There are 2 protein chains.
Amino acid sequence: MSPSSTPRRRGSERTLELLDVTLSLAEEVGYRGLTVEAIARRAGVGKHTIYRRWPTIADLLLDALSHVWSSELDYRSQGAIRADLREQFLRSSYALSHAPLGPIYRAVIAAAQSDESLRAAIHSRFLKTVEESTLERINLAQQQGQLKSDADLAAVVEVLVGSLYYRWLLTDRAIDEGAVDGLIGMFMDAYGESGV
Amino acid sequence: MSPSSTPRRRGSERTLELLDVTLSLAEEVGYRGLTVEAIARRAGVGKHTIYRRWPTIADLLLDALSHVWSSELDYRSQGAIRADLREQFLRSSYALSHAPLGPIYRAVIAAAQSDESLRAAIHSRFLKTVEESTLERINLAQQQGQLKSDADLAAVVEVLVGSLYYRWLLTDRAIDEGAVDGLIGMFMDAYGESGV
DNA sequence: ACGTCAACGGCACATATCGTGCCGTTAGTG
DNA sequence: CACTAACGGCACGATATGTGCCGTTGACGT
């Protein structure tokens, strides 16, 4: 055969290839297609090649999430707190609502409902990061006098993040600009220093 | 045989029996045991008897949820808004965190992540009720002058409910008195009329 | 250039679940 | 007492999981 057909066996390159196949499956068939069999089939790979790398499909999906999500997490931190939150929430919400991140994340969260340690893994690998970066950003705003100084911001962050995830996971309402503006408006009404 | 052994075939009584078996399975083996096969096996019933009543397991679980949840939804509405919210949130959180409601609800929510219409069904059958009854209670408080008159309470309710569900579904933090008091404290700080 | 060996693809297997079909039995109705 | 629908039990095909086996391939050291 000509060298055009893909050569086999490439160690860690195979790993990236499998992550890409996982992402493209999520693009095309969504949550339902994210099985070990389907991924192996599409990748032209034995199931062992997947199980050798990830003990369960959840671990694969967690890595696939990391692979696609890294650029979404950091705040730009350059403008007013209201504008920065708005941009960050809209960007995150867009990612949640579209392939490939949306279907994969949904699949992991669904699986986590029957696996407490997976729930903890999701929280420590993703949600904790979201909470912490948001906390840093509003802590900065508080230091700059844009927020009341007596607010318990750590608790506030959980409420902000929770509100978005609730809407995403459990309602059929979109996380649109109206929803984000409403949430941030509420936050600023409650904690913004008047006049900011 | 003596009449002591259960007679077969009882129409709508069988339906209630199946709901009870579903609840007891959730008690004992949790989320993982909630399969049609397992329920049929424990009930000593052919699978048809289940499929004849509910097109999918999700529909069965929705009915089982209704069966066990009806008494948890209504506010007592007799005290101060802060105390009423506290009691209601703690009661709901306890139900979410314990069998049989917790495992069944988790199973339905997991299934709903791959089924948009199921997500809508959950929202309209349960979450909408929760949101509405909470909204009614804090609307009453607003009319009684316990809350600021310009607050957008409908949006606030989504945030309150979302915060509890987020913690329940996606973190390993318990919804304890501290969490509830923190949430309500934030709500009252933001919207309570000073001195209430 | 050649050997070695782990990674690999392909296949099969045991197990579990889903949803459906069939059949003989049983309970409620007229 | 006969009729009929609901029923329990069983089997089936389809699909997924996780593991085992086998022959092949490619990267690496010598």
Side-chain angles (χ1 to χ4, degrees), chain A residues 1-22 25-26 29-62 103-104 106-108 110-115 117-118, chain B residues 1-22 25-26 29-62 103-104 107-108 110-115 118:
Chain A
M1 268 304 151
S2 71
S4 68
S5 61
T6 316
R8 267 178 48 185
R9 160 68 159 348
R10 276 176 294 168
S12 74
E13 290 179 38
R14 262 264 165 289
T15 302
L16 291 178
E17 206 176 295
L18 288 170
L19 290 178
D20 286 340
V21 168
T22 303
L25 257 188
V29 297
Y31 173 104
R32 295 169 19 209
L34 296 174
T35 66
V36 174
E37 288 241 345
I39 294 167
R41 211 155 43 220
R42 159 161 313 199
V45 146
K47 284 188 288 182
H48 281 304
T49 305
I50 293 179
Y51 283 114
R52 199 175 293 121
R53 290 167 166 76
W54 299 279
T56 72
I57 180 115
D59 296 273
L60 195 176
L61 297 183
L62 284 176
I104 295 179
R106 279 208 135 93
V108 179
Q113 295 313 309
S114 59
D115 182 343
S117 69
L118 179 55
Chain B
M1 269 301 158
S2 72
S4 68
S5 61
T6 316
R8 269 177 46 185
R9 159 71 161 345
R10 276 177 293 169
S12 73
E13 290 179 36
R14 263 263 166 290
T15 301
L16 290 178
E17 206 176 295
L18 289 170
L19 290 178
D20 286 339
V21 168
T22 303
L25 257 189
V29 297
Y31 173 103
R32 294 171 20 211
L34 295 175
T35 66
V36 173
E37 289 239 347
I39 294 167
R41 211 156 42 222
R42 159 157 317 196
V45 146
K47 285 189 287 182
H48 281 305
T49 306
I50 293 179
Y51 283 114
R52 199 174 292 121
R53 290 168 165 76
W54 299 280
T56 71
I57 179 116
D59 296 273
L60 196 177
L61 297 183
L62 285 176
I104 295 179
V108 178
Q113 296 313 308
S114 59
D115 182 344
L118 180 54

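Letters A, B, ... mirror the listed sequences (proteins, then strands); counts begin at 1. Just so we're clear, the structure is a prediction, and the values are computed from it rather than from any experiment.
- dA16(C) atom C1' lies 14 Å from atom CD1 of I57(B), rounded to whole Å.
- The CD1 atom of I104(B) lies 12.5 Å from the OH atom of Y31(B); values are rounded to the nearest 0.5 Å.
- Going from atom CG of L34(B) over to atom P of dC18(C) covers 10 Å, rounded to whole Å.
- R32(B) comes within 4.0 angstrom of no nucleic acid atom, judged by non-hydrogen atoms across all strands.
- Atom CG in D59(A) sits about 10 Å away from atom P in dG18(D), given to the nearest Å.
- When the P atom of dG10(C) is taken as reference, atom CD1 of I50(A) falls 12 Å away, rounded to whole Å.
- With sequence neighbours left out, the side-chain hydrogen bond (donor to acceptor under 3.5 Å, both in side chains) criterion links R32(B) to no other residue.
- Less than 4.0 Å separates DNA chain D from at least one heavy atom of each of the following residues of residues 36-49 of chain B: G44(B), V45(B), G46(B), H48(B), T49(B).
- Residues forming a side-chain hydrogen bond (donor to acceptor under 3.5 Å, both in side chains) with D115(A) (at least two apart in sequence, or on another chain): S117(A).
- The separation between Y51(B) atom OH and dG21(C) atom P is 13 Å, rounded to whole Å.
- For the pair R14(A) CZ and dG9(C) C1', the interatomic distance rounds to 9 Å; values are reported in whole Å.
- Taking the side chain as every heavy atom from C-beta outward, I50(A) and K47(A) never approach each other to under 4.5 Å.
- Annotation: side chain of L19(B) is in contact with side chain of L60(B) (closest heavy-atom distance under 4.5 Å).
- In this structure, R52(B) places its CZ atom 15 Å from P of dC22(C), rounding to the nearest Å.
- At its two ends the helix from dA1(C)-dT30(D) to dG30(C)-dC1(D) runs along axes set 10° apart, each axis drawn from five pairs and the angle rounded to 10°.
- With rounding to whole Å, E13(A) atom CD is found 12 Å from dA27(D) atom C1'.
- Evaluation of the side-chain hydrogen bond (donor to acceptor under 3.5 Å, both in side chains) rule for S114(B) yields no partner, not counting sequence neighbours.
- With sequence neighbours left out, the side-chain hydrogen bond (donor to acceptor under 3.5 Å, both in side chains) criterion links T15(A) to R53(A).
- The CZ atom of R106(A) sits 12.5 Å away from the CG atom of L34(A) when rounded to the nearest 0.5 Å.
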Start with the C-alpha gap between R14(B) and V45(B), add the side-chain angles, then the distance that decides, and say whether side-chain contact (heavy atoms from CB on, under 4.5 Å) holds.
CA-CA 10 Å; R14(B) 263 263 166 290; V45(B) 146; 3.9 Å; yes
